[in-house]
Amino acid sequence: MEVAETIIETHPDSALALLDSIENPSQLNKSRYNRYMLLLLQAKDKSYQDITSDTAIFATKQYYIDKNDIPNAALAAYYCGRVKSEQKNDKGAVSQYVEAERYATRISDINLKALIQSAIGAALSRQMLPAQALPYFKRAVKYFHQAGNRKNEMISHQSVGDCYLVNELPDSALIRFNEALQIAQEIGDSANIADIKRNIGILYKEVVYNNEAAKKYFFEALHYAKNDQYSYTCFKLADIYSMESKTDSAAWYLQESVSHLRDRKNWYLMANFYFASTSIKERQQNYKGALEDYKAYTDYTDSIFEQAKDAALIGIEKKYKLEQLQKANISLASEKQKILFYSAIGAFFSLLVILFFYRKNALSKRRELEAEQKVYHFMNMAETFDEKEQSFRSVLLRQFDIVKKTATLSSYIRKEDEKSNKLLKKFNEIVYGKEALNWEVLYETLNDLQNGFFERLRDKFSTLNEDEFRICCLTCADFSREEIGIIMDLSVSTVQSKRNTIRKKLSIPSAGSIKNFLIQEVPST
């Protein structure tokens, strides 16, 4: 055990082999046995082995708590969190990590403190709470830097950048990605160089909408990428070329992507691959191939829905327009050819029926997911509402009658035993079924609070239509895209589209902050 402990950080697989060679560990005394259990779980976790059944660590944690052995109690609590995390129980994991954090404040192990902060941030991110995860990742950067753990410092910078990206702060995200890239280059970590450059490319492609900059970083990532990394990056390039209607280039990179892919169980990537392949083959008028790929696409999306019911699905847009198959030769020479022809027509319509029900099922589940996401963001808005506060946000939410609507919605949800498509209909009825917001009254109130800011804003930028002006007002009040969509009864994609229009009208750079621009151009008196 002493030898295993000295090499567990650098050679965890060798440490695990040493620990496995110990016969009858249950016959060790309590002190040695609990030390053995903690070391064994560390070695397995660091060797990427399955630890979901290693629940004996909870008894080991209690042993160290009873002994008032704070350093080992903190470490054991952290690994209790790791077990919960691997069991896909992120709420339980956070509870264990918070307990570990409490013990870690009493010890000097900076690296363990950093691991705990990073783990809490990761668990919160998986629960779609990037704003809450952000401060934990920032503290992890600080601690890893103090501990001299450059690799984990680099990874934490990436996590901070991801949080900024989800919160639509591309400039801040880019700063963090570049910090991570600098460290990766310093330590010669080619795998992470590839990941970071690909992430920067994704930022330019999906947030800033600059395909040329995105391609630049994707090409640079390919120089360092291997296996699945290479496959993911090729897929992103194929996606861009497909959007640009460069079907030959798109098809080549798509083929490169699938030929280097090792993890064929990555259903999200495979679904995206077949969807993109469908579009490319359709443009090439290869309708039979397109139909086969669309069937594979629907199979993967069905697997995603079945296996990830409690997770927010990443954007796989289900859109496919089936065109007529190539005209059959009407001058068939024999009865056999006619039979084959009509059999093919029958098979085609049978496949259409199957695809119809696949699509109907997928759309039904997407509506259910949309309802859950709307309810989540609406409840989160209510939690942040302060009745006594006289701010733009609070005044608007008060007039929106958010407290009463939240109570009504919560009452309805408690009565429902199962999730259903009725939830979205009920949400719209509760949230939008009453009187709409009186924006004119709201503008007068907000002008009083902000010294006429919104009146000056309307005068200076008269080219904005009413919806665009309202989005500017809500953006200045730090409402997110999802919250703006709820208040204005718009989809998130519509809000993003209108924001892009605002940027064009006001000559704001594609990566620039609308709020910062407006505050600078219309300063308070």
Side-chain angles (χ1 to χ4, degrees), residues 114 117-118 120-146 150-186 192-214 216-218 220-221 236 312 314-315 377 380 384 393 471-472 474-485 492 495-496 499-500 502-503 506-521:
Q117 298 299 312
S118 178
I120 295 175
L124 291 172
S125 290
R126 287 192 295 271
Q127 296 177 68
M128 296 181 64
L129 299 170
Q132 289 89 326
L134 186 58
Y136 289 100
F137 284 133
K138 286 183 176 180
R139 283 194 288 271
V141 169
K142 175 184 173 183
Y143 285 137
F144 280 131
H145 182 74
Q146 292 176 4
R150 297 287 280 165
K151 182 166 184 175
N152 281 355
E153 180 187 355
M154 168 194 65
I155 294 170
S156 296
H157 273 301
Q158 291 186 71
S159 299
V160 172
D162 289 338
C163 289
Y164 279 132
L165 201 55
V166 172
N167 287 327
E168 291 191 305
L169 296 170
D171 291 343
S172 299
L174 190 58
I175 290 171
R176 290 293 183 161
F177 287 150
N178 281 323
E179 290 274 2
L181 182 59
Q182 183 177 347
I183 296 174
Q185 290 170 336
E186 288 175 2
N192 272 292
I193 292 174
D195 280 340
I196 297 165
K197 285 184 176 289
R198 187 179 70 250
N199 286 343
I200 295 175
I202 292 171
L203 180 151
Y204 278 111
K205 174 183 177 290
E206 299 180 4
V207 180
V208 182
Y209 305 108
N210 184 338
N211 283 347
E212 291 307 313
K216 171 182 176 294
Y217 279 98
F218 289 147
E220 291 177 1
K236 290 298 180 183
I314 62 173
H377 288 294
N380 191 52
T384 61
R393 185 183 182 90
I471 288 175
C472 286
L474 294 170
T475 301
C476 287
D478 293 323
F479 282 90
S480 68
R481 284 186 309 175
E482 292 78 9
E483 292 171 340
I484 293 173
V492 175
V495 173
Q496 184 60 46
R499 280 184 168 181
N500 292 338
I502 291 168
R503 285 191 172 93
L506 305 187
S507 299
I508 302 174
S510 57
S513 166
I514 294 175
K515 177 183 176 180
N516 292 343
F517 175 84
L518 295 176
I519 291 174
Q520 182 178 350
E521 293 296 318

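Remember, it's a predicted structure, so these values are computed and weren't measured experimentally.
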Subject >> Value rounded to 0.5 Å, distance of CG in D195 from CD in Q158 >> reply: 6.5 Å
Original post:
Is there side-chain contact between I202 and K236, with heavy atoms separated by less than 4.5 Å?
Top reply: yes
Subject >> Partner set under salt bridge (Lys or Arg N to Asp or Glu O under 4.0 Å) for E220, not counting sequence neighbours >> reply: K197, K216
Subject >> Which atom of A114 lies closest to which atom of Y143, heavy atoms considered >> reply: CB-CB, 3.3 Å
Original post:
What distance do N152 atom CG and S118 atom OG have between them, rounded to the nearest 0.5 Å?
Top reply: 7.0 Å
**OP:** Nearest 0.5 Å please: distance from the CG atom of L474 over to the OG atom of S480.
**Re:** 10.0 Å
Subject >> Within-4.5 Å side-chain heavy-atom neighbours: I120 and L124 >> reply: yes
**OP:** Check whether any side-chain heavy atom of L506 lies under 4.5 Å from a side-chain heavy atom of I514, and answer yes or no.
**Re:** no
Subject >> D171 side, atom CG; R176 side, atom CZ - distance, nearest 0.5 Å >> reply: 14.0 Å
**OP:** Using ring pair (Phe, Tyr, Trp, His ring centres under 6.0 Å) as the criterion, point out the one residue from Y217, F218, Y209 that pairs with Y204.
**Re:** Y217
Acceptor/donor pairs from residues 159-166 side chains to any protein atom, 3.5 angstrom cut, sequence neighbours excluded:
| unit_1 | atom_1 | unit_2 | atom_2 | d |
| --- | --- | --- | --- | --- |
| S159 | OG | I155 | O | 3.2 |
| Y164 | OH | K138 | NZ | 2.9 |

**OP:** Could you check E521, K515, Q520 and say which one makes a side-chain contact (heavy atoms from CB on, under 4.5 Å) with F517?
**Re:** E521
Original post:
Atom CZ in R198, atom CD1 in I200: separation rounded to 0.5 Å?
Top reply: 11.5 Å
**OP:** Output the distance between atom CZ (R150) and atom CD (Q182), rounded to the nearest 0.5 Å.
**Re:** 7.5 Å
Original post:
What is the minimum heavy-atom distance between C476 and L518, and which atoms define it?
Top reply: SG-CD1, 3.7 Å
**OP:** List the atom of A194, the atom of A221, and the distance in Å for their closest heavy-atom pair.
**Re:** O-CB, 3.6 Å
**OP:** Report yes if the side chains of H157 and I196 come closer than 4.5 Å at any heavy-atom pair, otherwise no.
**Re:** no
**OP:** Verify the distance criterion only: is there a donor paired with an acceptor across the side chains of Q496 and N500 at less than 3.5 Å?
**Re:** yes
Subject >> Any side-chain heavy-atom pair of M154 and E179 under 4.5 Å >> reply: no
Subject >> Heavy-atom check, side chain of E168 versus side chain of R499, under 4.5 Å >> reply: yes
